Amino acid sequence: SAVMNDIKSNSKINKILLIPESDANFLSPCAYIRMLLPIICTRRVSNCRYFVGSVDDALTGEYDTIYTHRIAIDPEKLDLFTKICETKKIDLHYDLDDDLIGIAESDHPERDFYSKLKPGLIKLIEIANEVTVSTLELRTKIQVYKSNATVRPNKLYRDLWLRDPFENN
(Lines give C-alpha, C1' and ligand atoms only; values in the text may rest on other atoms or scores of the structure.)
Protein backbone atom coordinates (compact mmCIF):
# COMPACT_ATOMS: atom_id res chain seq x y z
CA SER A 1 0.00 0.00 0.00
CA ALA A 2 1.13 3.52 -0.71
CA VAL A 3 1.18 5.91 2.22
CA MET A 4 -0.84 9.06 1.45
CA ASN A 5 -0.18 10.90 4.64
CA ASP A 6 2.90 10.64 6.83
CA ILE A 7 1.94 12.69 9.87
CA LYS A 8 3.99 12.43 13.06
CA SER A 9 2.17 12.80 16.36
CA ASN A 10 2.66 11.77 19.97
CA SER A 11 -0.93 10.54 20.24
CA LYS A 12 -2.37 7.32 18.87
CA ILE A 13 -2.26 7.22 15.09
CA ASN A 14 -5.54 6.20 13.48
CA LYS A 15 -4.86 4.05 10.45
CA ILE A 16 -7.34 4.72 7.66
CA LEU A 17 -7.51 2.47 4.61
CA LEU A 18 -9.02 3.78 1.39
CA ILE A 19 -10.23 1.04 -0.95
CA PRO A 20 -11.06 2.79 -4.21
CA GLU A 21 -12.68 1.35 -7.30
CA SER A 22 -9.86 0.76 -9.76
CA ASP A 23 -8.93 -0.97 -12.95
CA ALA A 24 -5.43 -2.46 -12.79
CA ASN A 25 -3.17 0.58 -12.25
CA PHE A 26 -5.79 3.33 -12.55
CA LEU A 27 -8.33 4.62 -10.07
CA SER A 28 -11.80 5.39 -11.36
CA PRO A 29 -12.75 9.07 -11.76
CA CYS A 30 -15.33 8.48 -9.04
CA ALA A 31 -12.57 7.32 -6.68
CA TYR A 32 -10.73 10.61 -7.16
CA ILE A 33 -13.79 12.85 -6.87
CA ARG A 34 -15.58 11.11 -4.00
CA MET A 35 -12.76 9.55 -1.96
CA LEU A 36 -9.26 10.91 -2.54
CA LEU A 37 -9.85 14.60 -3.26
CA PRO A 38 -12.10 15.20 -0.23
CA ILE A 39 -9.47 13.69 2.04
CA ILE A 40 -6.58 15.53 0.40
CA CYS A 41 -8.44 18.84 0.48
CA THR A 42 -9.91 18.61 3.95
CA ARG A 43 -7.47 16.59 6.02
CA ARG A 44 -6.64 18.54 9.12
CA VAL A 45 -6.44 15.74 11.66
CA SER A 46 -2.87 15.23 12.82
CA ASN A 47 -3.42 11.79 14.30
CA CYS A 48 -4.42 10.02 11.07
CA ARG A 49 -2.39 8.10 8.57
CA TYR A 50 -3.98 7.29 5.23
CA PHE A 51 -3.26 4.29 3.03
CA VAL A 52 -4.60 3.45 -0.42
CA GLY A 53 -5.03 -0.27 -0.80
CA SER A 54 -7.26 -3.19 -1.64
CA VAL A 55 -9.51 -5.72 0.05
CA ASP A 56 -6.43 -7.87 0.63
CA ASP A 57 -4.88 -5.06 2.69
CA ALA A 58 -8.06 -4.91 4.77
CA LEU A 59 -7.94 -8.66 5.34
CA THR A 60 -4.30 -8.74 6.41
CA GLY A 61 -3.66 -5.32 7.98
CA GLU A 62 -4.78 -3.52 11.11
CA TYR A 63 -6.95 -0.47 10.40
CA ASP A 64 -9.24 1.68 12.51
CA THR A 65 -11.33 2.94 9.61
CA ILE A 66 -11.99 1.83 6.04
CA TYR A 67 -13.46 4.02 3.32
CA THR A 68 -14.76 2.32 0.19
CA HIS A 69 -17.35 2.91 -2.48
CA ARG A 70 -19.37 1.60 -5.39
CA ILE A 71 -18.07 -1.85 -6.42
CA ALA A 72 -14.53 -1.58 -5.06
CA ILE A 73 -14.94 -4.70 -2.91
CA ASP A 74 -14.41 -7.93 -4.83
CA PRO A 75 -17.71 -9.88 -4.54
CA GLU A 76 -15.78 -13.11 -3.91
CA LYS A 77 -14.13 -11.54 -0.85
CA LEU A 78 -17.14 -9.59 0.40
CA ASP A 79 -18.26 -12.06 3.08
CA LEU A 80 -14.75 -12.30 4.55
CA PHE A 81 -14.33 -8.50 4.31
CA THR A 82 -17.59 -7.79 6.16
CA LYS A 83 -16.81 -10.45 8.79
CA ILE A 84 -13.40 -8.88 9.47
CA CYS A 85 -14.92 -5.39 9.69
CA GLU A 86 -17.47 -6.64 12.21
CA THR A 87 -15.04 -8.81 14.21
CA LYS A 88 -12.32 -6.15 14.46
CA LYS A 89 -14.91 -3.39 14.97
CA ILE A 90 -13.53 -1.40 12.04
CA ASP A 91 -15.35 1.85 11.37
CA LEU A 92 -16.63 1.27 7.81
CA HIS A 93 -17.63 4.17 5.56
CA TYR A 94 -19.35 3.32 2.28
CA ASP A 95 -20.08 5.77 -0.53
CA LEU A 96 -22.50 5.33 -3.41
CA ASP A 97 -22.90 7.95 -6.11
CA ASP A 98 -25.11 6.05 -8.56
CA ASP A 99 -28.20 3.94 -8.07
CA LEU A 100 -26.42 0.66 -8.76
CA ILE A 101 -29.20 -1.27 -7.06
CA GLY A 102 -31.71 0.39 -9.40
CA ILE A 103 -29.61 -0.61 -12.42
CA ALA A 104 -29.89 -4.21 -11.24
CA GLU A 105 -33.68 -3.85 -11.28
CA SER A 106 -33.98 -2.03 -14.62
CA ASP A 107 -33.60 -2.73 -18.32
CA HIS A 108 -30.16 -1.05 -18.32
CA PRO A 109 -27.54 -2.68 -20.61
CA GLU A 110 -25.44 -3.62 -17.55
CA ARG A 111 -28.38 -5.04 -15.60
CA ASP A 112 -26.99 -8.60 -15.48
CA PHE A 113 -23.63 -7.40 -14.16
CA TYR A 114 -25.17 -5.30 -11.36
CA SER A 115 -27.81 -7.92 -10.54
CA LYS A 116 -25.00 -10.24 -9.42
CA LEU A 117 -23.53 -7.47 -7.25
CA LYS A 118 -26.82 -6.29 -5.71
CA PRO A 119 -26.72 -8.51 -2.56
CA GLY A 120 -23.18 -7.32 -1.80
CA LEU A 121 -24.08 -3.68 -2.33
CA ILE A 122 -27.00 -4.03 0.07
CA LYS A 123 -24.81 -5.79 2.65
CA LEU A 124 -22.20 -3.01 2.52
CA ILE A 125 -24.92 -0.38 2.98
CA GLU A 126 -26.40 -2.29 5.92
CA ILE A 127 -23.17 -2.92 7.85
CA ALA A 128 -21.44 0.42 7.20
CA ASN A 129 -21.18 2.79 10.14
CA GLU A 130 -21.62 5.67 7.73
CA VAL A 131 -23.10 5.76 4.24
CA THR A 132 -22.83 8.74 1.92
CA VAL A 133 -24.76 9.13 -1.32
CA SER A 134 -24.75 11.74 -4.07
CA THR A 135 -28.43 12.74 -4.18
CA LEU A 136 -31.56 13.02 -2.06
CA GLU A 137 -33.27 10.57 -4.42
CA LEU A 138 -30.59 7.95 -3.81
CA ARG A 139 -30.81 8.50 -0.06
CA THR A 140 -34.56 7.91 -0.23
CA LYS A 141 -34.05 4.75 -2.29
CA ILE A 142 -31.58 3.16 0.17
CA GLN A 143 -33.44 4.18 3.35
CA VAL A 144 -34.88 0.69 3.49
CA TYR A 145 -31.28 -0.55 4.09
CA LYS A 146 -29.77 2.43 5.94
CA SER A 147 -32.03 5.09 7.40
CA ASN A 148 -29.33 7.63 8.24
CA ALA A 149 -27.38 8.00 4.98
CA THR A 150 -25.86 11.42 4.35
CA VAL A 151 -26.04 13.29 1.04
CA ARG A 152 -22.70 14.53 -0.30
CA PRO A 153 -23.21 15.92 -3.82
CA ASN A 154 -20.70 15.31 -6.59
CA LYS A 155 -18.66 18.51 -6.45
CA LEU A 156 -15.01 19.41 -6.67
CA TYR A 157 -13.51 21.35 -3.81
CA ARG A 158 -12.76 24.99 -4.59
CA ASP A 159 -9.48 24.75 -2.67
CA LEU A 160 -8.26 21.98 -4.93
CA TRP A 161 -6.45 24.37 -7.25
CA LEU A 162 -5.84 27.19 -4.80
CA ARG A 163 -3.24 25.51 -2.59
CA ASP A 164 -0.77 22.67 -2.51
CA PRO A 165 -2.84 19.73 -1.17
CA PHE A 166 0.24 18.09 0.36
CA GLU A 167 1.56 21.11 2.27
CA ASN A 168 1.47 20.74 6.02
CA ASN A 169 -1.01 22.98 7.79
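What you are looking at is a predicted structure, and each value in this text was computed from that prediction instead of being measured.
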P20 versus L27, closest heavy-atom pair with distance:
CG-CD2, 3.4 Å
Take K146 and N148, measure what side chain to side chain contact (heavy atoms under 4.5 Å, CB included) needs, and give me the verdict at the end.
CA-CA 6 Å; K146 181 66 74 180; N148 62 343; 3.0 Å; yes
Rounded distance (nearest 0.5 Å) linking atom CD1 of I142 with atom CG of D99:
9.5 Å
Any side-chain heavy-atom pair of N14 and Y63 under 4.5 Å:
no
How close do L78 and G120 get, heavy atom to heavy atom, and via which atoms?
CD2-CA, 3.0 Å
Should the heavy atoms of other residues, nucleotides or ligands under 6.0 Å from NZ of K116 be counted, would the total exceed 12?
no
One should read off an interatomic distance between L59 CG and K88 NZ, to the nearest 0.5 angstrom, of 8.0 Å
Is there side-chain contact between V52 and M35, with heavy atoms separated by less than 4.5 Å?
no
Are any non-hydrogen side-chain atoms of F81 and I19 less than 4.5 angstrom apart?
yes
Quick one, R34 and R152 - any side-chain contact, counting heavy atoms below 4.5 Å?
yes
The reported gap from CG in L100 to CD in E110 (rounded to nearest 0.5 angstrom) is 9.5 Å
Do you know the tightest heavy-atom contact between I13 and C48?
CG2-C, 4.4 Å
Between CD1 of I84 and CG of D79, what distance do you get to the nearest 0.5 Å?
11.5 Å
Once rounded to the nearest 0.5 Å, what's the spacing between atom CG of D74 and atom CG of L80?
11.0 Å
Does T68 reach the main-chain N or O of Y94 with its side chain, forming a donor-acceptor pair under 3.5 Å?
no
For E105 and R111: C-alpha separation, side-chain torsions, deciding distance, then whether salt bridge (charged side-chain N to carboxylate O under 4.0 Å, His left out) applies.
CA-CA 7 Å; E105 300 166 349; R111 174 186 174 182; over 6 Å; no
Nearest heavy-atom neighbours spanning A149 and R139
O-CD, 3.0 Å
Tell me whether the count of non-hydrogen atoms from other residues, nucleotides or ligands lying under 6.0 Å of CG in D23 goes above 12.
no
Start with the C-alpha gap between H108 and Y114, add the side-chain angles, then the distance that decides, and say whether side chain to side chain contact (heavy atoms under 4.5 Å, CB included) holds.
CA-CA 10 Å; H108 190 277; Y114 286 104; 5.5 Å; no
Note, T65 side chain near I90 side chain (heavy atom, < 4.5 Å):
no
Could you check whether any side-chain heavy atom of F51 comes within less than 4.5 Å of a side-chain heavy atom of D57, counting everything from C-beta outward?
no
S147 side-chain N/O to Q143 backbone N/O, donor-acceptor pair under 3.5 Å:
no
CG (L18) and OH (Y50) are apart, to the nearest 0.5 Å, by 8.0 Å
Any side-chain heavy atom of D91 sitting closer than 4.5 Å to one from D64?
no
Side chain to side chain contact (heavy atoms under 4.5 Å, CB included) between K123 and T82, intermediate numbers included
CA-CA 8 Å; K123 187 170 189 172; T82 57; 3.3 Å; yes
For residues 126-138, dump all side-chain donor-acceptor pairs below 3.5 Å to protein atoms at least two apart in sequence or in another chain.
residue : atom : partner : partner atom : Å
N129    : OD1  : L92     : N            : 2.8
E130    : OE1  : H93     : ND1          : 2.8
T132    : OG1  : D95     : OD1          : 2.5
S134    : OG   : D97     : O            : 2.7
T135    : OG1  : L138    : N            : 3.0

Mind checking whether S28 and H69 have side chains closer than 4.5 Å, heavy atoms only?
yes
